[in-house]
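Note: hydrogens, waters and symmetry copies are ignored here, and every other heavy atom, side chains too, is used.
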Amino acid sequence: MEVAAADDETAFARQEALAMRWATATADRTTRSPGEPGVQLRCYLDLRQTLDARRLSGAGQRNGPER
């Protein structure tokens with residue numbers, strides 16, 4: 001999934017929100033396109049695998065949820 005946002009903080013907040021619902025391979029940096037406003041962030045979601053309550057406590061970490 002690609003996230004477009006005004007700044008890094010917003011992009012990482014969106015990634016964290018996605019990681020609360022699905023198994024996520026998180027990104028640790030954003031990219032910028034020369035001459036374009038904002039940033040992009042690409043992360044990978046496993047939409048087939050929802051997280052259970054025991055795993056939600058680790059979902060907000062940059063490393064992603066525990067496996």
Side-chain angles (χ1 to χ4, degrees):
M1 166 171 265
E2 283 197 28
V3 174
D7 55 38
D8 289 348
E9 183 178 304
T10 304
F12 287 121
R14 183 64 178 150
Q15 175 178 255
E16 187 172 326
L18 293 168
M20 293 296 290
R21 178 65 177 99
W22 290 293
T24 308
T26 58
D28 59 355
R29 67 181 181 86
T30 59
T31 57
R32 296 179 186 277
S33 297
E36 297 290 325
V39 298
Q40 295 84 39
L41 179 136
R42 182 175 291 177
C43 59
Y44 297 89
L45 307 176
D46 185 350
L47 299 177
R48 298 167 299 167
Q49 180 179 356
T50 59
L51 298 177
D52 61 30
R54 294 178 306 230
R55 297 171 64 195
L56 286 177
S57 63
Q61 299 172 359
R62 294 285 164 124
N63 301 15
E66 294 179 15
R67 296 239 179 236

- Query: Donor-acceptor pair, Q15 side chain versus A27 backbone, under 3.5 Å?
  - Reply: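 Yes.
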- Query: With sequence neighbours excluded, what pairs up with E36 under the side-chain hydrogen bond (donor to acceptor under 3.5 Å, both in side chains) test?
  - Reply: none
- Test side-chain hydrogen bond (donor to acceptor under 3.5 Å, both in side chains) applied to R42 - qualifying residues, sequence neighbours left out: E2
- Item | Smallest separation among heavy atoms of S33 and Q40, with atom names |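 Reported closest heavy-atom pair: OG-OE1, 3.5 Å.
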- Task: Could you pull out the closest heavy-atom pair between C43 and A25, with the gap in Å?
- Result: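 Distance-wise, the nearest heavy atoms are CB-O, 3.5 Å.
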- Query: Knowing that exactly one of V3, T10, D8, D7 qualifies, which makes a side chain to side chain contact (heavy atoms under 4.5 Å, CB included) with T30?
  - Reply: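 Passing option: D8.
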